[in-house]
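Just follow the structure's listing: the first ligand is 1, and inside any ligand the first atom is 1.
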Amino acid sequence: MSHPLVGMELPDIREVLGPEQPAYRAKQVYEAIYRSQAPELIQITALPLRLREELASSHAVGLPEIARVYESVDDGTRRYLLRLEDGRTVETVLMPEGERDTICISSQVGCPVDCKFCMTALLGLERSLTPGEILGQVMLVCRENRLRRDGGRLNIVMMGQGEPLLNLSNVLKATRILLDPAGFALSPRRITISTAGIIPKIEELGRAPIRPKLAISLNASTEEMRRELMPITRKYHLKELLEVCRRYPLRPWEKLTFEYVLLKGVNDTDADARRVVKLLAHINCKLNLIALNPGPDIPFETPAPERVTAFQQIVRRSLPCFVRKPRGLDIYAACGQLKRST
Ligand code: SAH
């Protein structure tokens, strides 16, 4: 059994190496794994051969295994089905676009939040991912596609399977390594976490010194409608959610993002758009619209493109508002479609 090192921070690696090793050895291993992305421990030539051999006999870098890759013929999106150590599988999506690559990663296997328009909800929660499994998705997709992460090319969104704020400590540990200049060295502007609205965890996230940007799935224009579409609203009311968002400690360069899935005839009228504007007044934010990505067993329809545009036009008078393009629809890789389908 070889234990994975991916997901470990310096103190964890120090412990693995033992007290007889000088402290700089842990730093060498850390930088080799995250900054240089050594594929195998035996290749960390900064270490003496004996130490390398010893380490490689008990440990491994430990990236997940690729079970299958689905490639979209429409837009080059790739959906990875990854196999974890316990045999469970989870999904990661790479969306290349011109000068930019975006990797959408999962935080849990399945999801415990039962949003009525989302296919992942149909899986239920199997378990949360470890820091190494969260980070491993990024490292694996980068390695497979030889992605460059310099010059702000690479973006990470925690919008795959799962509710990341219900796995906050592991998500934050992975984030620290991704943002560490001696680690994966991404800019904090390049990582976004998305939540269905777990109020106490939003406050906890706001207190973390090193954290991703925050996106909130709004998806309704009234308390009652949100309770229907996202039953978690019964526990965490929309009114209080927006209050916490107003108080959220944004960094000087930062805006909140709200996401809104448009469901035909349900939450997509002009009146909804006007109510959304009112809800978001006094919050420094932008709104991303997503026309429903349909799926079997999802009892909603996608609005016509003209309806989406009309909704956007109304919101745009008051705040920045964008329409998110669906990516990888043909391979079930788009928002709300991650359900390990083959
Ligand atoms: N649990 C987190 C992370 C998942 S993000 C969250 O709820 O934010 C996934 C985004 O896709 C969310 O904004 C969600 O509202 C949206 N979404 C879910 N199902 C969808 C569907 N069928 N079509 C379009 N967007 C969907």
Side-chain angles (χ1 to χ4, degrees), residues 77 79 90-93 95 102-125 128-129 134 137 155-168 171 191-199 201-202 205 212-221 225-226 228-233 235-236 238 241 245 256-264 266-268 276 285-303 305 307-308 311 321-330 332-339 341:
T77 295
R79 177 165 67 96
V90 78
E91 289 161 300
T92 306
V93 180
M95 296 165 280
T102 302
I103 305 176
C104 177
I105 62 176
S106 296
S107 55
Q108 300 181 309
V109 183
C111 186
V113 182
D114 52 352
C115 302
K116 300 303 178 198
F117 43 80
C118 181
M119 284 171 65
T120 308
L122 302 172
L123 291 174
L125 176 68
S128 281
L129 297 183
I134 296 168
Q137 297 171 62
N155 291 278
I156 310 293
V157 295
M158 297 180 177
M159 302 188 181
Q161 283 186 14
E163 169 45 55
L165 290 195
L166 292 178
N167 187 18
L168 184 57
V171 161
I191 308 186
T192 304
I193 189 172
S194 177
T195 180
I198 317 293
I199 292 176
K201 296 292 175 179
I202 292 176
L205 179 70
K213 295 195 295 185
L214 177 59
I216 290 132
S217 299
L218 179 62
N219 298 339
S221 68
M225 187 194 296
R226 198 170 191 272
E228 293 292 313
L229 298 174
M230 302 177 70
I232 194 158
T233 309
K235 185 160 181 195
Y236 301 117
L238 176 58
L241 175 61
C245 289
L256 284 176
T257 300
F258 285 88
E259 298 152 286
Y260 194 97
V261 184
L262 289 162
L263 310 170
K264 181 177 177 177
V266 175
N267 66 355
D268 66 345
V276 165
C285 67
K286 64 173 172 164
L287 183 68
N288 283 346
L289 300 174
I290 318 169
L292 176 79
N293 297 314
D297 307 317
I298 297 299
F300 297 104
E301 287 174 74
T302 310
R307 183 84 298 271
V308 176
F311 196 103
C321 181
F322 306 92
V323 178
R324 190 183 287 168
K325 230 180 14 202
R327 299 292 309 260
L329 268 178
D330 59 333
Y332 280 93
C335 297
Q337 294 192 311
L338 298 185
K339 206 197 152 195
S341 39

For ligand 1, note which part of [X] has a heavy atom under 4.0 Å away: side chain, backbone, both or neither.
{"X": "Met159", "answer": "both"}
{"X": "Leu292", "answer": "both"}
{"X": "Ile216", "answer": "neither"}

Show the nearest heavy-atom pair for residues [X] and [Y], with the distance to one decimal.
{"X": "Ala121", "Y": "Cys115", "result": "CB-O, 3.6 Å"}
{"X": "Leu241", "Y": "Gly197", "result": "CD1-CA, 3.8 Å"}
{"X": "Met119", "Y": "Lys339", "result": "O-CG, 3.5 Å"}
{"X": "Gly328", "Y": "Thr77", "result": "N-OG1, 3.6 Å"}

task: Inspect the contact between Glu228 and Lys116 and indicate whether a charged nitrogen and a carboxylate oxygen are less than 4.0 angstrom apart.
output: no
- prompt: Evaluating non-hydrogen atoms only, which member of Ala196, Gly336, Cys104 is closest to atom 20 (C) of ligand 1?
  reply: Gly336
field: Closest to atom 26 (C) of ligand 1 among Thr302, Leu262, Val261 (heavy-atom distance)
entry: Val261
- prompt: How far apart are the C-alpha atoms of Leu338 and Arg79, what are their side-chain angles, what is the distance that settles it, and do they pass the side-chain contact (heavy atoms from CB on, under 4.5 Å) test?
  reply: CA-CA 9 Å; Leu338 298 185; Arg79 177 165 67 96; 3.9 Å; yes
Any idea which protein heavy atom is nearest [atom], and the distance to it?
{"atom": "atom 10 (C) of ligand 1", "result": "Glu259 OE2, 4.0 Å"}
{"atom": "atom 23 (N) of ligand 1", "result": "Asn293 N, 2.9 Å"}
{"atom": "atom 22 (N) of ligand 1", "result": "Phe117 O, 2.8 Å"}
{"atom": "atom 12 (C) of ligand 1", "result": "Ser217 OG, 3.2 Å"}
{"atom": "atom 11 (O) of ligand 1", "result": "Cys335 CB, 3.5 Å"}
{"atom": "atom 2 (C) of ligand 1", "result": "Ser194 O, 3.2 Å"}

query: So Ile134 and Asn167, side-chain contact (heavy atoms from CB on, under 4.5 Å) or not? Walk me through it.
result: CA-CA 10 Å; Ile134 296 168; Asn167 187 18; 3.8 Å; yes
Gly162 touching ligand 1 at heavy-atom level, < 4.0 angstrom: yes
message: So for Val113, does at least one of its heavy atoms come nearer than 4.0 angstrom to any atom of ligand 1?
response: no
field: Ligand-side contact atoms (ligand 1) for residue partner Asn219, heavy atom cut-off under 4.0 Å
entry: 15 (O)
message: Using a 4.0 Å cut-off to any heavy atom of Ile290, which atoms of ligand 1 qualify?
response: 24 (C), 25 (N)
- prompt: Would you say the side chains of Glu163 and Ser107 form a donor-acceptor pair under 3.5 Å?
  reply: no
message: Regarding ligand 1, does Cys111 bring an N or O atom to under 3.5 Å of one of the ligand's N or O atoms?
response: no
Sub-4.5 Å side-chain heavy-atom contact between Phe300 and Leu229: yes
- request: Indicate yes or no for a side-chain donor-acceptor contact from Ser106 to the backbone of Gln108 under 3.5 Å, with no hydrogens or angles considered.
  value: no
